[in-house]
There are 2 protein chains.
Amino acid sequence: MTRARAAVLETLNGSREPMSAGGVAAAVAGCCDQATVYRALHYLEDEGLAESFVLHCAERGVERFYVGANAPHRHWFHCESCHRFIDLGACRIGGLVSEFERELGLRVSRHTMYLSGKCRDCAARTVP
Amino acid sequence: MTRARAAVLETLNGSREPMSAGGVAAAVAGCCDQATVYRALHYLEDEGLAESFVLHCAERGVERFYVGANAPHRHWFHCESCHRFIDLGACRIGGLVSEFERELGLRVSRHTMYLSGKCRDCAARTVP
DNA sequence: TGATTACTTGCGAATCATTTGCAAAAATAC
DNA sequence: GTATTTTTGCAAATGATTCGCAAGTAATCA
Ligand SMILES: [Mn+2]
Ligand SMILES: [Mn+2]
Ligand SMILES: [Zn+2]
Ligand SMILES: [Zn+2]
């Protein structure tokens with residue numbers, strides 16, 4: 001575990017929400033280069049120390065977001081208004097995924113699920 | 001509905017699987033430019049005539065895939081080996097999404113879910 | 001029908017997240 | 001310490017997607 005990788009991992013584990021590579025790079029600015037951040041994120045994901053998913057946000061476009069793997073695998077809601085993530089808790093679709101595997105003979109190695117819309121605060125801020 | 005848009009829509013509705021913008025552009029090659037294809041896809045999605053999601057495939061990277069909206073909203077499995085999609089049928093997580101809305105006060109306007117791994121054929125082709 | 005206005009297209013250049021080549025730096029092996 | 005392997009910084013390349021702008025079509029009006 002090199003200094004750069006440790007810094008990236010610590011940033012991820014210290015964050016309450018998923019972070020984009022750009023966000024991580026900003027957080028470790030001065031410590032390591034953006035290419036190093038991308039390489040470190042790949043490394044951490046390979047080692048099972050981080051998880052990622054690709055999210056599309058209408059305003060900010062498509063980006064990959066990373067989460068430290070210190071907590072169990074989970075899913076997220078993304079607010080398209082304030083751009084915060086809300087933790088949906090531990091994965092609740094494991095059973096459904098297994099059903100698909102059985103029904104269709106698939107070997108599922110990875111699943112992606114996320115919701116987007118308006119969080120409670122942003123929804124309250126507009127029409128009730 | 002212009003000629004270009006009609007060609008793109010017909011391509012989507014005629015396809016058994018989600019198509020990338022590049023795939024659509026190849027299918028309508030000669031008929032219209034790639035920029036026009038992208039614009040037509042946006043137009044169709046705005047009009048509710050197509051749906052899309054962003055998928056990450058280890059080998060081919062991140063791309064947006066489109067489906068004609070002639071069938072009800074559904075989800076897909078993507079085989080990382082043969083790169084085909086398998087239809088998982090009509091959405092089965094509507095209830096779960098509503099639960100999250102209630103529990104957390106969210107207003108969910110869109111959800112993304114897909115599985116990836118090996119399809120039955122590709123799984124059989126390797127270790128049983 | 002011809003002129004006016006509004007929307008769509010093609011082409012090429014620009015964007016933006018992400019990746020890569022390469023030489024220097026750091027870590028590990030001998 | 002010296003040789004060997006791995007990691008890093010920097011700058012340039014990549015690839016999907018978007019944009020500017022002039023030309024092409026369609027719709028509207030006199
Ligand atoms: Mn956002
Ligand atoms: Mn694929
Ligand atoms: Zn919000
Ligand atoms: Zn397959």
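Letters A, B, ... are given to chains in the order of the sequence lines, protein chains preceding strands, and every chain is numbered from 1. Values reported hereafter were calculated over all heavy atoms of this structure, with side chains retained and with hydrogens, waters and symmetry mates removed.
- Protein chain B contacts DNA chain D over a range whose 5' and 3' limits, counting nucleotides with an atom under 4.0 angstrom from a non-hydrogen atom, are D:dA16 to D:dG20.
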Distances under 3.5 Å between protein N/O atoms and the N/O atoms of nucleotides 28-30 of chain C, please, pair by pair.
none

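- By the ring pair (Phe, Tyr, Trp, His ring centres under 6.0 Å) test, A:F65 pairs with A:F85, sequence neighbours left out.
- The cluster map of Ile, Leu, Val, Met, Phe, Trp and Tyr, joined by side-chain heavy atoms under 4.5 Å apart, puts A:L49 and A:V67 in different clusters.
- The stretch residues 51-63 of chain A has no heavy atom under 4.0 angstrom from DNA chain D at all.
- Side chain of A:E101 to backbone of A:V108: a donor-acceptor contact under 3.5 angstrom is found.
- A 4.5 Å side-chain heavy-atom check between A:F100 and A:S98 finds every atom pair outside the cut-off.
- Contact of the A:K118 side chain with the A:T126 side chain is registered, since non-hydrogen atoms from C-beta on lie closer than 4.5 Å.
- Of the charged side-chain nitrogens involved, at least one lies within less than 4.0 Å of a carboxylate oxygen, so that B:R92 and A:E103 count as a salt-bridged pair.
- Interface residues of residues 5-14 of chain A facing DNA chain D, ordered by number: A:R5; criterion, heavy-atom separation under 4.0 Å.
- Under the rule for a side-chain hydrogen bond (donor to acceptor under 3.5 Å, both in side chains), the partners of A:E51 that lie at least two apart in sequence or sit in another chain are A:H73.
- In summary, B:R110 and B:E45 engage in a salt bridge, as defined by a charged side-chain N under 4.0 Å from a carboxylate O.
- Between A:H111 and B:H75, the distance from one ring center to the other does not fall under 6.0 angstrom.
- Applying the side-chain hydrogen bond (donor to acceptor under 3.5 Å, both in side chains) criterion to B:N13, with sequence neighbours excluded, gives B:N70.
- Of the residues in residues 18-46 of chain A, A:A21, A:Q34, A:A35, A:Y38, A:R39, A:H42 come within less than 4.0 Å of DNA chain C through at least one heavy atom, sorted by number.
- For the 3.5 Å distance criterion, the side chains of B:S52 and B:R64 qualify, holding a donor opposite an acceptor.
- Overall bending of the helix from C:dT1-D:dA30 to C:dC30-D:dG1, expressed as the angle between end axes built from five pairs apiece, is 20° (10° steps).
- Residues meeting the ring pair (Phe, Tyr, Trp, His ring centres under 6.0 Å) test with A:H83, sequence neighbours left out: A:H78.
- Qualifying side-chain hydrogen bond (donor to acceptor under 3.5 Å, both in side chains) partners for A:D87, counting only residues two or more places apart in sequence or in other chains: A:R74.
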Give the table of side-chain donor-acceptor pairs shorter than 3.5 Å for residues 24-38 of chain B, with sequence neighbours excluded, one pair per line with atom names and distance.
residue: B:D33; atom: OD2; partner: B:A35; partner atom: N; Å: 2.8

